[in-house]
Amino acid sequence: MDVRVRQNKREVLRLMDQLEVLSMSVPERRRLLADIGNQTRKKARENIRYQKTVSGESMAPRANSRHKKKLLKKMGKGMAVTVWKDNSHRATVSWKNPGRGQLAFKQANGVGDTWTPQRAAKVYGPKSRNDYKKPATQAQARSLNKEGYRRRVARKRGKGKAVLKRVPAKWIMDNMSKGQAGLILRLMRFKTRHGKQSWEVKPAPRPFLGATPEDADAFLTQMAEDGLKRVRRA
């Protein structure tokens, strides 16, 4: 039986290039890995700039649509390319600041994080007591109405007990302080004056570091060709 294998010309060329890359000296391979790492870092920064994921889709928006700032804006800073000294076939793209690297991992993969009032105060600073005396915000007013807040109002006609009536958001903002509105919300939601003592914040996954199989194929081919040109010129 005659068996014939048809080979794609591009695949053959890539195989030959890869074999030649493997025959490179250690310094040459390390230089090629550094190029690949730098291009990967550049692509990640472009994804952040254009608010795209690795697959080219738009990043999931914030839960609070009022914030218009770009997502992951700080994640493009401090990225470093490391070519491992003990492994001439390995390079990584990471962050100089380990904390930012952990945050980038959580943001990219949608990993939840547990917060406490103490941690929030440490990160964002303790709220000033004067803030509690300011008028209730529109968000607080809407939340109170959503929770079913009612104000006790005397009957206009006749005698009898006062009735509970829903009040407009404007009335809450004009007649309540932030502290009062917050206290009422905590009592309605959690039956306590102190509110939640811990909560989880889970972002939507926004993968920005990496490449699709198609991108990786074209990217590696280009890097191999560039590396081979340098080797052949040497």
Side-chain angles (χ1 to χ4, degrees), residues 37 40-82 92-128 131-132 134 136-149 169 172-173 178-216:
T40 303
R41 177 175 58 181
K42 180 181 177 181
K43 180 66 176 177
R45 286 173 173 168
E46 289 178 353
N47 287 335
I48 294 173
R49 185 181 304 118
Y50 298 111
Q51 299 289 276
K52 299 290 184 181
T53 64
V54 171
S55 60
E57 299 174 351
S58 297
M59 288 185 181
R62 285 188 175 89
N64 188 342
S65 59
R66 290 180 297 171
H67 293 289
K68 302 300 182 182
K69 292 182 179 180
K70 283 189 175 182
L71 296 155
L72 310 179
K73 188 176 180 180
K74 295 182 179 180
M75 294 299 103
K77 299 178 180 179
M79 298 176 72
V81 177
T82 303
T92 58
V93 179
S94 58
W95 280 261
K96 297 176 183 178
N97 184 324
R100 182 167 291 179
Q102 292 176 1
L103 181 59
F105 175 81
K106 291 178 179 179
Q107 290 287 332
N109 296 280
V111 178
D113 208 0
T114 301
W115 286 76
T116 63
Q118 293 77 15
R119 183 184 177 191
K122 185 177 180 180
V123 173
Y124 299 108
K127 288 187 177 180
S128 169
D131 287 345
Y132 293 110
K134 292 180 180 179
T137 64
Q138 187 177 47
Q140 286 179 316
R142 289 175 177 173
S143 296
L144 282 170
N145 279 330
K146 186 177 179 180
E147 294 295 331
Y149 173 74
I172 295 175
M173 295 165 65
K178 291 178 70 174
Q180 290 171 331
L183 175 60
I184 295 171
L185 272 172
R186 288 193 294 274
L187 290 171
M188 294 182 73
R189 288 173 172 173
F190 314 117
K191 312 301 180 185
T192 175
R193 299 173 63 89
H194 303 293
K196 278 188 175 182
Q197 295 306 298
S198 67
W199 62 92
E200 185 181 34
V201 177
K202 190 172 184 179
R206 300 182 181 101
F208 64 94
L209 177 59
T212 63
E214 294 78 15
D215 288 341

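These values consider heavy atoms only, across backbone and side chains, with no hydrogens, waters or symmetry-generated copies.
- Nearest heavy-atom pair, Ala44 versus Met79, reported as atom, atom and distance to 0.1 Å: CB-CE, 3.9 Å.
- Remark: Thr53 pairs with Ser55 by the side-chain hydrogen bond (donor to acceptor under 3.5 Å, both in side chains) rule, at least two apart or across chains.
- One distance of note links CZ of Arg62 with NZ of Lys70; it measures 11.5 Å at 0.5 Å rounding.
- Arg142 CZ: 12 or fewer foreign heavy atoms inside a 6.0 Å radius.
- Residues Gln51 and Leu71 form a side-chain contact, since some pair of their non-hydrogen atoms from C-beta on lies under 4.5 Å apart.
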Under 3.5 Å, which donor-acceptor pairs link side chains of residues 104-114 to any protein atom two or more places apart or in another chain?
residue : atom : partner : partner atom : Å
Asn109  : ND2  : Phe105  : O            : 2.8
Asp113  : OD1  : Arg119  : NH1          : 3.4
Asp113  : OD2  : Arg119  : NH1          : 3.3
Asp113  : OD2  : Arg119  : NH2          : 3.0

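- The list of salt bridge (charged side-chain N to carboxylate O under 4.0 Å, His left out) pairs with a residue in residues 45-55, not counting sequence neighbours, is empty.
- Of all the heavy atoms in Leu72 and Phe208, the pair that sits closest is CD1-CD2, 3.5 Å.
- In this structure, the separation between CD1 on Ile172 and CD on Gln140 is 9.5 Å, given to the nearest 0.5 Å.
- The side-chain hydrogen bond (donor to acceptor under 3.5 Å, both in side chains) test applied to Thr137 returns no partner, not counting sequence neighbours.
- Remark: Met188 pairs with Leu144, Glu147, Tyr149, Ile184 by the side-chain contact (heavy atoms from CB on, under 4.5 Å) rule, at least two apart or across chains.
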Contacts under 3.5 angstrom, residues 94-101 side chains, donor-acceptor by atom type, not counting sequence neighbours:
residue : atom : partner : partner atom : Å
Trp95   : NE1  : Met75   : O            : 2.7
Asn97   : OD1  : Gly99   : N            : 2.8
Asn97   : OD1  : Arg100  : N            : 3.4
Arg100  : NH1  : Lys74   : O            : 3.4

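- Applying the side-chain contact (heavy atoms from CB on, under 4.5 Å) test to Val81 and every residue at least two apart in sequence or in another chain returns Asn38, Arg41, Val93.
- Pairing each heavy atom of Lys43 with each of Gly210, the nearest pair is CG-O, 4.4 Å.
- Within the 3.5 Å criterion, the main-chain N or O of Ala60 finds a donor-acceptor partner in the side chain of Arg206.
- The heavy-atom pair separating Met173 from Ala136 by the smallest distance is CG-O, 3.6 Å.
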